[in-house]
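Here's the structure, in structure tokens; my notes come after.
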Amino acid sequence: MSDPGNVRVRFAPAPTGYLHVGGARTALFNWLYARHHGGTFVLRIEDTDAARSRGEWIVGIQDTLRWLGLDWDEGPYLQGDRLDRYAAAAGRLLQSGRAYECFCTPEEVKARGDAAMKAGRPPGYDGRCRDLTDAQRAERVSEGRPRSVRFRTPDTGVSTFTDLVRGEVTVEWSTVSDFVIVRSDSSPVFFLANAVDDAEMEITHVIRGEDLLDSTHRVLALRNALGYTAPLEFGHLPLLVGADRAKLSKRHGAVALEDFRDRGYLPDALVNYLALLGWAPADGREVLTKDEVVAEFDLDRVTHSAAFFDYKKLDWLNGEYIRALPLDGLAAQIFDAATARWGDRVDPASAREVARIGQERAATITALVDMAEFLFVADEEFTPDPIDWGDALAKTERAAAVLDAVIAHLETCEWTVELTDVRPPIEALGIKPRKVMPLLYTAVEGRRSGLPLFDAIHLLGRQRSVARLTAARDRVGSDPESPAS
RNA sequence: GCCCCCAUCGUCUAGUGGCCCAGGACGCCGCCCUUUCAAGGCGGUAACGGGGAUUCGAACUCCCCUGGGGGCACCA
């Protein structure tokens, strides 16, 4: 649109776990950037860490992206299929002297790094193998020492690049130590594979988390050493943080996207919410369709500071989406979710009624299904929440009389929603209906809140409703008289 | 420890020198509506971290401090 060039972006997750909100947000922003600019969205799986990568995660990540509606135009490319390219690139770097063989073990490097840090020096690689002679190298090889390849970073000067969201970022090369690009088992490390792939896949814009900001200098140096000259721009997104303001990670409150699906969130609502984390449209709208976000999205409106994932706001937004859903669609979702829980006790017509009656009141699909539990659960398994029941009973005067009156009414009334309104018989006792509602809700629906009571009773049917109220009446009777009266 | 990034209501944000004694949204509080609870309507509470500098004038520019975060792996 505003940039008709051939934008090519990629989402490049490591298949070392499920996709969490941070990763999903990165994927989304890449997708948005591609769609806004009419570009190409590439999916690339960075599985160069064989020890941690798992095939099932490769599948899981794709499932999640599909669920969110983030379709990719190319890929998934697996780095595991491209190892020869990385080896060739490493060979070139070795050849040109931009990289060198390193015979230090990870343990040695770590130990020396720790010692350096204690002594107040930078903990990075100390350059021990930087300038080995041929003879020294031969000696180490003959000793059978492990051999990795390290990239030689410049000794002096500065590295500067212009970040699309943050502006100019500069670092002194003296603070960037040499880093491994090929492991001693000859597998490539992230930096190498990343640089090679971004070049060969003709990526034009790298959009990723701010935790990768510092590594950009290394990637740029690598690209340079490899002779890649095509322009590549970077944009670093603010991190998503937990309640403690620390980066979200799997062991730190990061929730798998699948959990959102299981908990009844709508993908469009989640996408909408995620888009608002670090970005806002110029006009301040909060509820936006994907197309609207695509139309407005660009990196120059991405914010700079970390954002906290606020479930309260997501709940509100998800509720907006549920309320906006066509009844048929909501009914189908309720039916599916309820069937998953109660099997063939669930019928489409009832599910549709639940959807119709509950649509206005639920924040999530799951919450709505929970409201239908009283209806679909087997009668012998129906147990009112003991806490709700106790609270309601304690606050209800003349509970026994109320229940008797309601039961009598329901046993004889015509079975319409209008007539399952149980207020008249309660009023006839000289009691305000609102005072006894919690008790009746709990008796019929098992909890103090849920679907509107008269609809619930009507849906449940005369026999089941009366049975539950009678059971409640029995419980009251066994109490040593209504406590509050 | 060193390097980098960041800094507006509790939270997500608008704001790019005067329109801002700072706007919106979520949350929270109150009222209304009402079949308890929600939803909805109305109203309210609440922020430019501190100090300098530039300027007739700073939330917006610069510097310092403070605070927060990230990075410094044969993880990505």
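In what follows, chains are A, B, ... by sequence order, proteins preceding strands, each numbered from 1.
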Short question: side chain of A:D47, backbone of A:Q79 - any donor-acceptor pair under 3.5 Å? yes
Do A:W279 and A:F297 have ring centres separated by under 6.0 Å? yes
What nucleotide, of B:C74, B:U36, B:U11, holds the atom closest to the side chain of A:V180? B:C74
Taking B:A76, B:G10, B:U13 as options, the one with an atom nearest any side-chain atom of A:D310 is B:G10
So A:T170, base contact, sugar-phosphate only, or nothing? Heavy-atom distance under 4.0 Å. sugar-phosphate
Counting the atoms with a prime plus P, OP1 and OP2 as sugar-phosphate, which does A:R301 contact under 4.0 Å by heavy atoms, base, sugar-phosphate, or nothing? sugar-phosphate
Distance, P atom - from B:C63 to B:C4, rounded to whole angstrom: 13 Å
Using atom C1' of each nucleotide, how far apart are B:C28 and B:C5 to the nearest Å? 32 Å
With respect to the side chain of A:K313, which nucleotide from B:U35, B:C75, B:G24 is positioned closest? B:G24
Rounded to the nearest angstrom, tell me the gap between atom CG in A:L274 and atom P in B:C26. 19 Å
Can you tell me the pairing partner of B:C26 across any strand shown, Watson-Crick or G-U wobble, with both distances under 3.5 angstrom? B:G10
Contact class for A:E286 vs. all strands (heavy atom < 4.0 Å): base, sugar-phosphate, or nothing? base
Any donor and acceptor pair, going by atom type alone, linking the side chain of A:T364 with main-chain N or O of A:G264 inside 3.5 Å? no
With a cut-off of 6.0 Å (strictly less than), are more than 12 heavy atoms of other residues, nucleotides or ligands near CD1 of A:I387? no
Under the 3.5 Å rule, do the base of B:A38 and the side chain of A:R361 count as making a donor-acceptor pair? yes
Can you check whether A:F191 and A:F179 have ring centres sitting under 6.0 Å from each other? yes
I need the CD-C1' distance between A:E210 and B:C3, as an integer number of Å. 13 Å
Of the listed B:U35, B:A14, B:C12, the closest approach to the A:F454 side chain comes from B:U35
Closest to the A:E320 side chain: B:G40, B:C5, B:C26? B:G40
Sugar-phosphate only, base, or nothing, as touched by A:C102 at under 4.0 Å among non-hydrogen atoms: nothing
Heavy atoms only, 4.0 Å cut-off, all strands: where does A:F308 land among base, sugar-phosphate and nothing? sugar-phosphate
Base, sugar-phosphate, or nothing: which does A:L212 touch, judged by heavy atoms less than 4.0 Å apart? base
At less than 3.5 Å, do the side-chain atoms of A:K110 and the base atoms of B:A73 form a donor-acceptor pair? no
What is the nucleic acid contact for A:L453, judged by heavy atoms within less than 4.0 Å: base, sugar-phosphate only, or nothing? base
Would you say A:T48 places a side-chain N or O within less than 4.0 Å of OP1 or OP2 belonging to B:A76? yes
Counting the atoms with a prime plus P, OP1 and OP2 as sugar-phosphate, which does A:P433 contact under 4.0 Å by heavy atoms, base, sugar-phosphate, or nothing? nothing
What's the CG-P distance between A:D214 and B:C2, to the nearest Å? 15 Å
Take the protein atom CZ of A:R245 and the nucleotide atom P of B:G69, then report the distance between them rounded to whole Å. 9 Å
B:C5 P sits how many Å from A:K247 NZ, rounded? 18 Å
Look at the side chain of A:V109 and decide which nucleotide, out of B:C5, B:A76, B:C74, has an atom nearest to it. B:C74
Return the value, rounded to whole Å, for the distance between atom CG of A:D211 and atom C1' of B:C3. 16 Å
Just call it for A:R447: base, sugar-phosphate, or nothing, with non-hydrogen atoms closer than 4.0 Å on any strand. nothing
For the side chain of A:R183, starting at C-beta, report the closest nucleotide among B:U36, B:C75, B:C4. B:C75
Would you measure the distance from the P atom in B:U35 across to the matching atom in B:G27 and give it in whole Å? 24 Å
Measure NE2/A:H236 against C1'/B:C4 and give the value in whole Å, please. 11 Å
Identify the residue among A:R10, A:R82, A:R223 that makes a salt bridge (Lys or Arg N to Asp or Glu O under 4.0 Å) with A:D197. A:R82
Would you mind classifying the nucleic acid contact of A:F191 as base, sugar-phosphate or nothing, using non-hydrogen atoms under 4.0 angstrom? base
Which is true for A:T105 with a 4.0 Å heavy-atom rule: it touches a base, it touches only sugar-phosphate, or it touches nothing? base
Report yes if a side-chain nitrogen or oxygen of A:R423 is closer than 4.0 Å to either non-bridging phosphate oxygen (OP1 or OP2) of B:U35; otherwise report no. yes
Within less than 4.0 Å of OP1 or OP2 of B:C74, is there a side-chain N or O belonging to A:S184? no
Does B:G24 have OP1 or OP2 under 4.0 Å away from a side-chain N or O of A:R285? no
Is the NZ or CZ atom of A:R150 both under 6.0 Å from the centre of the six-membered ring of A:Y125 and within 45° of that ring's axis? yes
Could you tell me how far apart A:E427 (CD) and B:U35 (P) are, to the nearest whole angstrom? 10 Å
A:R448 side-chain N/O to B:U36 phosphate OP1/OP2 under 4.0 Å: no
Roughly how many Å apart are B:G10 and B:A22, using the P atom of each and rounding to a whole number? 15 Å
Is A:G278 touching bases, backbone alone, or none of the nucleic acid, heavy atoms closer than 4.0 Å? sugar-phosphate
Can a donor-acceptor pair be found, under 3.5 Å and without considering hydrogens, that links the side chain of A:D298 to the backbone of A:D300? no
